[in-house]
Amino acid sequence: MQTVVEQLVYISDMFGTAVFAFSGVLVAGRLRMDGFGVMVLAAVTAIGGGTIRDMILGATPVFWVRDPLYIWVVIATALIGMWMVKLPRRMPWYVLPVADAFGLALFTVIGAQKALNFGTSGLIAVLMGTMTGVAGGMIRDVLAREVPMVLQKEIYATACILGGVLYTLALEADMDRVTAMLICMSAVFGLRVAAIYWHLSLPTFSLQRNN
């Protein structure tokens, strides 16, 4: 049973990698970058968070060096993405945000669990899960000379934090890993999709005074 779950997680991880890479392709296309620029933004979005996580945890070589399939997924997604965006018929607007929410949920679980495997505390596991989910997008936005989305009012990193907390608490309550994973992913995915559908956002901080 555990082997089947691990295989499903691995396949889902590749799907999430492709989704995050595609979001990098869209940003690169909006900024009219060349092919190399597309590859760079696709790569940092897809594997940037996990790379920083592994470096902090001392999990070296980092995951994509040990398993180059991640790089091939990024390359394939970038090439296919550059072709897809030129098609006259576009995919429905909600497909990518929903797929991104799924990838975010999975990356949060993977990051938190990897930190726990290294013997960290629950707090560090939550931080590593959040970093795995959002750091790649932050690097992408910085390279695109934009304020990272997660630093604005979007409910994105907040969803990761909630999911990471629920995941660590579920494990502390002696729930099995699969149940804890489903709880975490449901929370992250549900909150993110709800935020998209109902345009939910966090209150913003501003020093400007209203006259």
Checklist outcome for this item: Test side-chain contact (heavy atoms from CB on, under 4.5 Å), reference V74, set T17, V25, V44, output is T17

Next on the checklist: Going by the rule side-chain hydrogen bond (donor to acceptor under 3.5 Å, both in side chains), which residues pair with Y197 if we only count those two or more places apart in sequence or in a different chain?
Outcome noted: none

Checklist outcome for this item: Heavy atoms of V134 and A157 approach each other most closely as CG1-CA, 3.9 Å

Next on the checklist: Restricting to non-hydrogen atoms, name the atom on A42 and the atom on A78 that form the minimum distance, rounded to 0.1 Å.
Outcome noted: CB-CB, 4.3 Å

Checklist entry - Considering all heavy atoms of both residues, which atom of G35 and which atom of M82 are nearest to each other, and what is their separation? => result CA-SD, 4.4 Å

Next on the checklist: Quick one: does any side-chain atom of D100 pair with a main-chain N or O of F20 as donor and acceptor, under 3.5 Å?
Outcome noted: no

Next on the checklist: With a 3.5 Å distance limit and no angle check, can you tell me whether Q152 reaches the backbone of V147 through a side-chain donor-acceptor pair?
Outcome noted: yes

Next on the checklist: If I take atom CD1 from residue I161 and atom CG from residue L166, how far apart are they, to the nearest 0.5 angstrom?
Outcome noted: 12.0 Å

Checklist entry - According to a 4.5 Å side-chain heavy-atom criterion applied to Ile, Leu, Val, Met, Phe, Trp and Tyr, with indirect links allowed, do M185 and Y156 form part of one hydrophobic cluster? => result yes

Next on the checklist: Is the positively charged end of R192 above the ring of F102, judged by distance under 6.0 angstrom from the centroid and angle within 45° of the axis?
Outcome noted: no

Checklist entry - Excluding sequence neighbours, so at least two apart, what forms salt bridge (charged side-chain N to carboxylate O under 4.0 Å, His left out) with R30? => result E146

Next on the checklist: Please give me the minimum heavy-atom distance between S12 and L106, naming the atom from each residue.
Outcome noted: C-CD2, 3.2 Å

Item to check | ILVMFWY cluster, F36 and I75 together (side-chain gap under 4.5 Å) | outcome: no

Checklist entry - Side chain of T168, backbone of V165: donor and acceptor closer than 3.5 Å? => result yes

Item to check | Verdict with reasoning, M39 to L79, per side-chain contact (heavy atoms from CB on, under 4.5 Å) | outcome: CA-CA 8 Å; M39 290 289 180; L79 294 174; 3.7 Å; yes

Next on the checklist: L26 vs L96, test: side-chain contact (heavy atoms from CB on, under 4.5 Å). Steps then yes/no.
Outcome noted: CA-CA 11 Å; L26 295 179; L96 185 60; 3.2 Å; yes

Checklist entry - Do the side chains of L191 and I155 get nearer than 4.5 Å, heavy atoms only? => result yes

Checklist entry - Would you say Y94 has more than 12 foreign heavy atoms packed within less than 6.0 Å of its OH? => result no

Checklist entry - Got V5 and M181 here, is their nearest side-chain heavy-atom distance under 4.5 Å? => result yes

Checklist entry - Taking atom OG1 of T45 and atom CE of M138, what is their separation to the nearest 0.5 Å? => result 12.5 Å

Next on the checklist: Is there a path of hydrophobic side-chain contacts, each under 4.5 Å between heavy atoms of I/L/V/M/F/W/Y residues, joining I139 to F22?
Outcome noted: no

Item to check | In one Ile/Leu/Val/Met/Phe/Trp/Tyr side-chain cluster, 4.5 Å: V193, V109 | outcome: yes

Checklist outcome for this item: When rounded to the nearest 0.5 Å, the distance separating CH2 of W64 from CG of L69 is 14.0 Å

Checklist entry - Passes side-chain contact (heavy atoms from CB on, under 4.5 Å), I56 versus M131? Steps please. => result CA-CA 11 Å; I56 292 175; M131 182 177 296; 3.6 Å; yes

Next on the checklist: Donor-acceptor check, side chain of D54 to backbone of F63, threshold 3.5 angstrom: yes or no?
Outcome noted: yes

Next on the checklist: Go through it in stages, so that I can follow the logic: the residues are I110 and D13, the test is side-chain contact (heavy atoms from CB on, under 4.5 Å), and I'd like the CA-CA distance, side-chain angles, deciding distance and then a yes or no.
Outcome noted: CA-CA 9 Å; I110 291 174; D13 192 20; 3.6 Å; yes

Next on the checklist: Minimum heavy-atom separation for L104 and G133, please, with both atom names.
Outcome noted: CD1-O, 3.5 Å

Checklist entry - Say you draw a straight line from CG of L41 to CE of M33; how long is it, rounded to the nearest 0.5 Å? => result 4.0 Å

Next on the checklist: Could you check whether any side-chain N or O of T51 sits under 3.5 Å from a backbone N or O of I47, counting only pairs where one atom can act as donor and the other as acceptor?
Outcome noted: yes

Next on the checklist: Is there a path of hydrophobic side-chain contacts, each under 4.5 Å between heavy atoms, that joins V126 and M128?
Outcome noted: no

Item to check | Side chain to side chain, L171 and Q113, heavy atoms closer than 4.5 Å | outcome: yes

Checklist entry - Does the side chain of Y10 reach to within under 4.5 Å of the side chain of D67, using non-hydrogen atoms? => result yes

Checklist entry - Quick one: CE on M14 to CH2 on W72, what's the gap to the nearest 0.5 Å? => result 13.0 Å

Next on the checklist: For a quick test of reading the model, state the closest non-hydrogen atom pair linking V27 to R140 and the distance between them.
Outcome noted: CG2-CD, 3.7 Å

Checklist entry - What residues form a ring pair (Phe, Tyr, Trp, His ring centres under 6.0 Å) with Y167, not counting sequence neighbours? => result none

Next on the checklist: For A115, is there any backbone N or O sitting under 3.5 Å from a side-chain donor or acceptor partner on T120?
Outcome noted: yes

Item to check | Spacing of CD belonging to E154 relative to CG belonging to L200, to within rounding of 0.5 Å | outcome: 10.0 Å

